[in-house]
Number of protein chains: 2
Amino acid sequence: MTTGKQLFTTLAADGTLTVEVATSEFPAPAGNQVLVRMEAAPINPSDLALLFGPADLENAQYSPGKVVAKMPEPFASAARARHGQRLPVGNEGAGTVVAAGEGEAAQALMGQRVACVPGNAFSEYAIAEAAMCLPLGDYTSEQGASSFVNPMTALGFAETARMEGQRAIVHSAAASNLGQMLVKICAEDGLELVNIVRKPEQAALLKSLGAQHVVDSSSDSFMADLRAAIEATGAFFGFDPIGGGTMVDSCFKAMEQVAAARMGEYSRYGSNQQKTMYIYGRLDLGPTILTPAYGFGWTLSGWLLTPFMAKAGMETIVRMRQRVLNGLTTTFASNYKRKVSLEEMLTKDAALDYRAMRTGEKYLVTP
Amino acid sequence: MTTGKQLFTTLAADGTLTVEVATSEFPAPAGNQVLVRMEAAPINPSDLALLFGPADLENAQYSPGKVVAKMPEPFASAARARHGQRLPVGNEGAGTVVAAGEGEAAQALMGQRVACVPGNAFSEYAIAEAAMCLPLGDYTSEQGASSFVNPMTALGFAETARMEGQRAIVHSAAASNLGQMLVKICAEDGLELVNIVRKPEQAALLKSLGAQHVVDSSSDSFMADLRAAIEATGAFFGFDPIGGGTMVDSCFKAMEQVAAARMGEYSRYGSNQQKTMYIYGRLDLGPTILTPAYGFGWTLSGWLLTPFMAKAGMETIVRMRQRVLNGLTTTFASNYKRKVSLEEMLTKDAALDYRAMRTGEKYLVTP
């Protein structure tokens, strides 16, 4: 047994959310498990959904290592499956293997610095599967902390495009860490990319990375610009991390308008051009709005890394992870606004700041 | 050349919609075309979308054989692809072949009563492809008028379910002509069916046809009833003709709640159960509302008969059409509230009545 601090989030049936740092006992790793002393873990949007969700952090009670906040409806009731459960948080991170099970793969990692995906990365220690650990060699834990979620997701988009016979991708919220990786991946792979951003400075950032097609949704000419970029690239396929609101609708509309302009004849059912969008995040927890403006030739799906990997198979995953390792300080480099300890994570200043999920302002937890 | 009356709909760029009966010249059929003297054609929802859309029929100007109405925004602008085009209307109907091209298939139909899919069925005459004509034998034109759109769509749902490895279907607006056919098809094919209706009398109607699972969306226990029906049937797959509003959202929610209840453990990403819904109509032209309440394991697509048939292939289509013919007065029988001439179609009383698309109140045009 190893003793260490770990972060937990608990939602009571009455909507009271308690997030706190507590002392945990970590069992000795068995089989091909390793025990990792966690040194760095990013706070990703997918972590925030579990950590705080839409809880009222402005009016929460803050004490050292503890936040108690009210979860609004309908979210409190909708999350009834987690009511009363004390859940660990933190998808990914990096640290040093301090104990290993008797399995060969685990033993081989003993003493090494690794990136891992334990699901409780906001912790001093975590048990991880050796097969999911990426040995970092000379890279630091900070450099390796975000080597899984964003890089594998961005690579997963390119793989999904190829699986579906697509040569071009639309990506909204494209100035994110993940979006910046996607710009580089698409350039490397010869895929066309339409980047949708919200601000002129984000457009400038992406263009400085070599992005060819950048569209600013805050511009009056947004829809015309989006149509022109789709016309230029043939991108009838895209990924959206916003979820709520009208971004997916805007993409479908622009795709349909480009396709309709190419048709000779009016069809009451819309064009024959198949249009595909994936929602892979919920930066906006409001409802997704789909208007009847693009016929019936469209598909909208949720997209998640885990089912994608199950579908892609081990060989593809191993190839993708090797590519991440090779580009850890270039294509797949992440930037952080601030480093915080587990206790600093739960101060009002920090929580309000990283929960805003502003582009380029990601936090790194150093337990 | 043959001369006859035909109905046209024209939307001007300023939003003025003109629907009128005019005299047309019909050319002699060539190759494997036939000229059909139309005797009966149903007014389907898909025809109404083109004929009137959401135009203001209450305050329109009616004169013999002519309606002039205002199309509201955003629909007038959204339909810019049809601005100024004088479009024929009427997907399907039945009548007698009075002339045939020199092709063998066309010649074989000469003098016969056939069901056809000309796209201008609201007309005294129509040119149709012989390959798409269904010889009606002893059936009347009224019996054969609706032998394509509804029967092939309902059979297409069952085929799509089988193609995707599904054994159960959720169908909303299930008391429609099409929904009643689907009840019988699923019973014949051993597929489970969850029927969603809006009124107790519709539930009673479907139960009288042998439906096992009927859920009334007007009931206070709708969501609980829907969950129970999904639990009983394993239906994580469905079809919705409403489009706008929250029906698809309710289906996804109920499916996810059933799947989550079966899971041992809470997952922030929702269940692993893949949930699939198709929108095949737009009875409600408002936006489709999707809430973030069912994770990422879902797919929503448009569904249309024509691309389905292209995918299914000719052999499947021939088999489906033969099945329709065999069951034309049983499984695939349609009922009509009223028969109208082309001119009667364009009276205020009739137009307001059939545009309401009330269940069981379909009109038949007898040119």
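Note: hydrogens, waters and symmetry copies are ignored here, and every other heavy atom, side chains too, is used.
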Participant: Between A/Ala260, A/Pro287, A/Pro307, which shows the greatest number of heavy-atom pairs under 4.5 Å with chain B?
Facilitator: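 Maximum pair count with chain B is reached by A/Pro287.
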Participant: List the atom of A/Phe239, the atom of A/Met277, and the distance in Å for their closest heavy-atom pair.
Facilitator: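 That closest heavy-atom pairing would be N-CE, 4.2 Å.
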Participant: Drop me the distance from B/Leu11's CG to B/Phe52's CZ, to the nearest 0.5 angstrom.
Facilitator: 13.0 Å
Participant: Once you leave out hydrogens and angles, what donor-acceptor pairs under 3.5 Å do chain B and chain A share?
Facilitator:
unit_1	atom_1	unit_2	atom_2	d
B/Asn91	ND2	A/Tyr269	OH	3.0
B/Tyr269	OH	A/Asn91	ND2	3.0
B/Thr288	N	A/Leu290	O	2.7
B/Thr288	O	A/Leu290	N	3.0
B/Leu290	N	A/Thr288	O	3.0
B/Leu290	O	A/Thr288	N	2.7
B/Trp298	O	A/Gly302	N	3.0
B/Thr299	OG1	A/Ser301	OG	2.8
B/Leu300	N	A/Leu300	O	2.7
B/Leu300	O	A/Leu300	N	2.7
B/Ser301	OG	A/Thr299	OG1	2.8
B/Gly302	N	A/Trp298	O	2.9

Participant: Quick check on B/Ala78 against chain A: is it the side chain, the backbone, both or neither that has a heavy atom closer than 4.5 Å?
Facilitator: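 Looking at B/Ala78, nothing touches chain A.
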Participant: Could you report the tightest heavy-atom contact between A/Leu226 and A/Cys251, atom names first, then the distance?
Facilitator: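 Closest approach of A/Leu226 to A/Cys251, heavy atoms only: CD2-CA, 4.2 Å.
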Participant: Quick check for you: to the nearest 0.5 Å, what is the distance between B/Phe122 atom CZ and B/Ile43 atom CD1?
Facilitator: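 If we round to the nearest 0.5 Å, B/Phe122:CZ and B/Ile43:CD1 are 5.0 Å apart.
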Participant: Do you know which two heavy atoms are closest between B/Met357 and B/Pro45, and how far apart they sit?
Facilitator: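 For B/Met357 versus B/Pro45, the nearest heavy atoms are SD-CB, 3.7 Å.
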Participant: Tell me, side chain or backbone of A/Ala49 under 4.5 Å from chain B's heavy atoms, or both, or neither?
Facilitator: neither
Participant: Just to verify, what does A/Met309 make a side-chain contact (heavy atoms from CB on, under 4.5 Å) with, not counting sequence neighbours?
Facilitator: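 Listed in chain order: A/Met132, A/Phe148, A/Met152, A/Leu305, A/Ile317.
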Participant: Just verifying a value: how many Å separate A/Phe237 CZ and A/Ile230 CD1, rounded to the nearest 0.5 Å?
Facilitator: 13.5 Å
Participant: Out of A/Ala79, A/Gly243, A/Ala81, A/Pro74, which one racks up the most heavy-atom pairs below 4.5 Å with chain B?
Facilitator: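 With the most close heavy-atom pairs to chain B, the winner is A/Ala81.
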Participant: Check each atom of A/Pro292 against the heavy atoms of chain B and say whether the ones under 4.5 Å are side chain, backbone, both or neither.
Facilitator: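 Both backbone and side chain.
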Participant: Closest approach of A/Pro72 and A/Pro54, non-hydrogen atoms and distance?
Facilitator: CD-O, 3.2 Å
